[in-house]
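The analysis underlying the following values was restricted to heavy atoms, covering all of them including side chains, and did not include hydrogens, waters or symmetry mates. Labels below follow one simple rule: chain letters A, B, ... track the order of the sequence lines, proteins then strands, and each chain is numbered from 1.
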Amino acid sequence: MPTKAMFLMIRQLLQRPFTNPFPVKYAPKNVTKTIEKVKLGQMSINNPIPVPDGFRGKLKYDPERCIGCRLCITVCPANAMEWIPEVRKIRHYVTRCMFCGLCVDVCPGKKLPGETAPVKALSMSKEFLLADYDKYSDNLIVEPTSKEQSLNNQEPSSDQK
Amino acid sequence: MANDKVSKISKRYEIPIGPIHPALKEPIRVEAEVKGEKVVKVDVKRGFAHRGIEYMGMKRNAIQTLYLSERICGICSISHPYAFVLASEKALGIEPPPRAQYIRTIIAELERIHSHILWLGVVAHEIGFDPILFWTWKLREKVLDVLEAITGNRINYAMYMIGGVRRDIKESHILALRDMIDYYRKAADQMKDIFLSDPIYKARTKDVAKLSQDLALKLNIVGPTARAAGLRVDIRQDIPYDAYADIDVRAVVPQDIMGEVNGDAYDATLVRIYEIEQSLDIIEYCINNMPEGKLLAIPNYVALLTTIRKTQGEGIGAHEAPRGEVIHYVKYDGTRDGPVVWKVIAPSYNNINCWGPLLLGAEVADIPVVIAFIDPCLCCNDRIAFVKDENGRVLDYFEIHNMSVNKTMKIKRMLGV
Amino acid sequence: MGTPWGEVSVTLKFDVPKSDLVVPTITDLMMGAETNEREIREMLGVEFEGLKNKRHLFLPDDWPEGKYPWRKDEHGVEDMIKYTHKSVTEIRAKRGENNG
Amino acid sequence: MTLATIFYAIGFPLLGIILGLLYKGIDRKISARMTSRIGPPIRQPFWDVGKLLIKETVVPENAVAWIFNVMPIVALASSMTLLLYIPFGIIKAPLEGYGDLVVILYLLTLQALAMAIGGFSAGSPFASVGAQREMILMMSYEMPLAIVITGFALIYKSFSLSTIALTPVWTLVGPVGWIGLLLLLAALLIVTPAELAKLPFDIAEAETEIAEGLLSEYSGRNLALFYLSDAVRSFAMVALEVALFFPFTFSQGFGLQFSEPVSYIIEGLWFLAKVLILYILAVTLVRTSFARFRIEQASRLFWTYVNIMALLGLILVALEVM
């Protein structure tokens with residue numbers, strides 16, 4: 001017995017699939033090899049769908065502009081910011097971040113010499129491919145200074161909000 | 001033990017549904033005793049996802065709590081902030097600017113569209129109609145794209161703020177919204193065609209989960225489930241707020257559409273499909289009559305927090321979420337910048353009441369339909385989990401993690417891997 | 001019902017002495033209130049006279065008697081919520097990784 | 001022992017498995033495209049079986065272990081034997097002369113029965129409910145199936161499938177018989193998804209209700225055997241339908257003549273194409289566009305509508321022949 005659903009299915013058979021085959025159409029046999037190949041440029045992957053303008057991705061932090069006002073720590077719902085008293089800057093944990101963008105709204109920023117308006121220290125990038133096996137890996141922690149400097153200059157501190 | 005089981009098998013089975021079961025998307029346990037295909041005894045156990053989230057809110061300031069409330073549930077990620085914002089505004093005596101009120105309404109209605117389409121897909125999946133699940137979720141992409149363009153993310157929009165909204169709706173967004181409205185007007189017609197005329201869908205949902213008006217009133221059923229039973233309840237109509245006060249929103253009930261009320265899963269489908277159309281009308285009205293003006297009553301968050309610290313007051317905020325009414329109670333005592341008391345009542349809290357009476361006497365095949373037809377959201381409903389070792393000592397997260405790592409190692413050694 | 005502003009919501013407040021926490025049930029009038037009464041009973045320890053089903057609603061079945069999570073005079077928020085966030089320097093030191 | 005015997009003993013089951021899995025892959029692909037998905041690659045069922053075979057086989061504590069382990073083998077064996085009775089194009093069925101349509105009817109039942117017994121022996125409530133449902137469903141669809149086969153026996157005065165496959169049934173009856181045959185075909189097409197436990201009649205394996213029911217306790221090798229038997233049976237059932245209703249050969253249809261070896265190959269491919277088309281229409285399209293029935297609705301459907309349809313067809317055919 002033909003139903004409306006059946007006609008719908010036949011119509012869909014004639015259309016192209018709706019799925020965006022990102023990053024590859026079928027799961028590869030060996031994932032690590034595929035990633036290596038992509039890195040070497042021997043293989044190309046399908047692009048993801050572009051994200052809109054207001055997209056909130058991984059947080060970008062410019063320590064130069066940070067005045068150490070701790071407002072972002074006050075508003076952050078997930079306690080993703082850690083205060084480092086030695087350098088009076090923050091450390092951001094991407095794994096704890098809930099991508100609400102409140103810290104960006106509240107950040108006062110700093111006016112460098114020669115500028116008319118202050119520029120915020122924090123901004124939302126469009127980066128969203130953040131999966132990792134280790135939640136403390138380097139690319140999931142935004143450090144205020146380069147890793148060598150910040151970690152050599154200070155003792156391990158447990159001071160946090 | 002084995003003999004006991006055999007003697008039981010000959011007469012009655014116990015079918016455990018949950019905490020993990022393919023028909024459930026979230027943990028809850030329904031223990032059903034079955035005789036043949038009929039359910040003869042039923043017990044619902046909740047609390048598997050109780051996270052003590054209200055306590056977490058009482059430790060944070062109001063802005064943090066607002067975004068915490070967004071994380072109560074991903075699907076209702078506007079409903080909880082909306083109710084919290086309404087409650088806080090009542091408690092603090094802040095009036096949001098008109099433009100912000102309209103934007104809030106638009107976002108809330110967009111969420112209703114995506115939630116209802118999601119439900120249509122889920123209920124189709126529960127009766128084994130996966131192709132329709134894929135189809136409805138394909139339709140749902142459009143509204144998610146629009147939401148992403150306006151708010152920045154597909155889910156967890158981070159849009160609301162006490163005293164207004166954080167982002168404006170621009171001209172390009174309005175174009176996208178108008179395009180979306182046209183798309184869903186056509187899609188709603190198609191959905192009516194496919195769901196309401198399909199013979200097997202009719203056979204599986206007619207007279208299943210049949211809720212009488214009287215029982216719905218007694219069990220405090222809310223939202224589309226109550227409307228499917230013929231009750232004219234809708235917070236947008238009963239206690240209008242924001243832009244809903246300018247629009248004459250009326251509850252969608254099956255007696256207005258079909259002329260009769262059954263209160264079954266079929267009527268629930270009917271109500272939800274027509275509510276999608278109603279939401280489209282509301283969005284259209286809002287974008288045609290959007291007032292100009294600012295977005296936030298107190299634009300500075302620090303100033304807002306200071307105001308909260310100085311204010312005493314309590315408020316109840318009610319919002320008609322896609323699943324029913326969500327109610328937040330907030331109390332500020334003027335000593336800290338966050339709520340001292342915060343209580344959330346989600347629609348599923350009341351709607352799960354109807355599982356017991358409805359499952360009794362139902363067939364095993366109807367269990368998923370009964371469970372799905374109220375659109376349960378257990379993370380909204382349950383909001384402390386303690387794990388104890390054999391001596392009754394409470395274990396923390398790191399110990400549990402280490403225990404599971406050790407167990408994996410043990411199994412690996414046993415298998416010789 | 002069915003008209004704007006057609007619904008009136010009623011809030012009832014009771015002051016009950018802590019020594020005698022008993023309130024009559026309303027489940028005989030409204031079956032659905034059972035959920036709320038069971039929640040208040042397990043969380044605050046208020047007894048409802050005439051409530052039939054007294055099983056725990058959200059708390060586990062083996063929750064200790066006489067402990068009520070919502071009683072703020074007995075234990076504060078700090079008791080109930082613990083932060084498990086640790087600093088990355090601490091984690092790396094624990095793992096024995098070379099810092100830098 | 002001749003070379004042909006060895007071929008039939010080893011080559012034919014192997015061919016059956018490969019064809020069954022291939023058709024399953026095509027079925028999954030087309031079903032995915034109907035729902036706007038890309039779907040798995042066509043070789044996916046082979047990988048699935050391979051993966052299942054290397055997984056650990058768990059026998060539940062409450063299960064009657066030997067029955068639990070034997071039933072998958074019985075199921076696969078019965079499906080394989082079924083395949084040996086079906087003429088492949090113009091090649092005769094390997095077991096030609098050792099049995100007829102009645103044996104096929106029994107073999108079809110045996111596979112479903114093996115699954116039901118396996119389900120009962122698993123000792124899990126989900127599997128038991130699934131097995132009960134399977135039994136009820138079996139009782140419902142056996143009757144129309146038997147009527148269809150009786151109809152053929154009336155026309156050919158024989159139960160032998162090779163005789164039936166030699167002359168197309170449509171040429172033997174007049175217009176009244178045609179209507180009767182169409183009714184029988186419709187009844188058989190409705191029985192097909194039930195026989196193969198596909199939607200809308202996969203009630204015994206309802207995933208959202210009883211968590212895969214019959215198969216909920218099966219894992220590893222046992223599950224792989226059930227998976228294979230399902231694939232083989234799907235192919236065999238559709239091939240049976242083709243042999244019964246559409247035995248037109250390529251050379252007859254297009255009026256062409258080929259030499260001996262070429263004609264075997266062409267007729268073989270023609271047969272596979274016919275099976276594929278019927279597979280897509282009767283299995284893929286149906287399972288994609290219907291929801292699952294409740295068990296009592298399904299059995300009502302079979303006992304009343306399908307039975308009446310099949311009986312009417314039988315009467316019409318009988319009127320024509322007698």
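- Here the CG atom belonging to Leu225(D) is positioned 10.0 Å from the OH atom belonging to Tyr218(D), to the nearest 0.5 angstrom.
- The candidate from Met34(D), Arg37(D), Gln44(D) with the greatest count of non-hydrogen atom pairs under 4.5 Å with chain A is Met34(D).
- The choice from Val286(D), Leu285(D), Ile38(D), Ile190(D) that makes the most heavy-atom pairs within less than 4.5 Å of chain A is Ile38(D).
- Remark: Lys24(D) qualifies as a cation-pi partner of Tyr227(D) under the 6.0 Å distance and 45° angle criteria applied to the six-membered ring.
- Within 6.0 Å of NZ on Lys110(A) lie more than 12 heavy atoms contributed by other residues, nucleotides or ligands.
- With a threshold of 4.5 angstrom between heavy atoms, Ile30(D) approaches chain A through its backbone and through its side chain.
- Between the side chain of Arg233(D) and the main chain of Glu195(D), a donor-acceptor pair closer than 3.5 Å is present.
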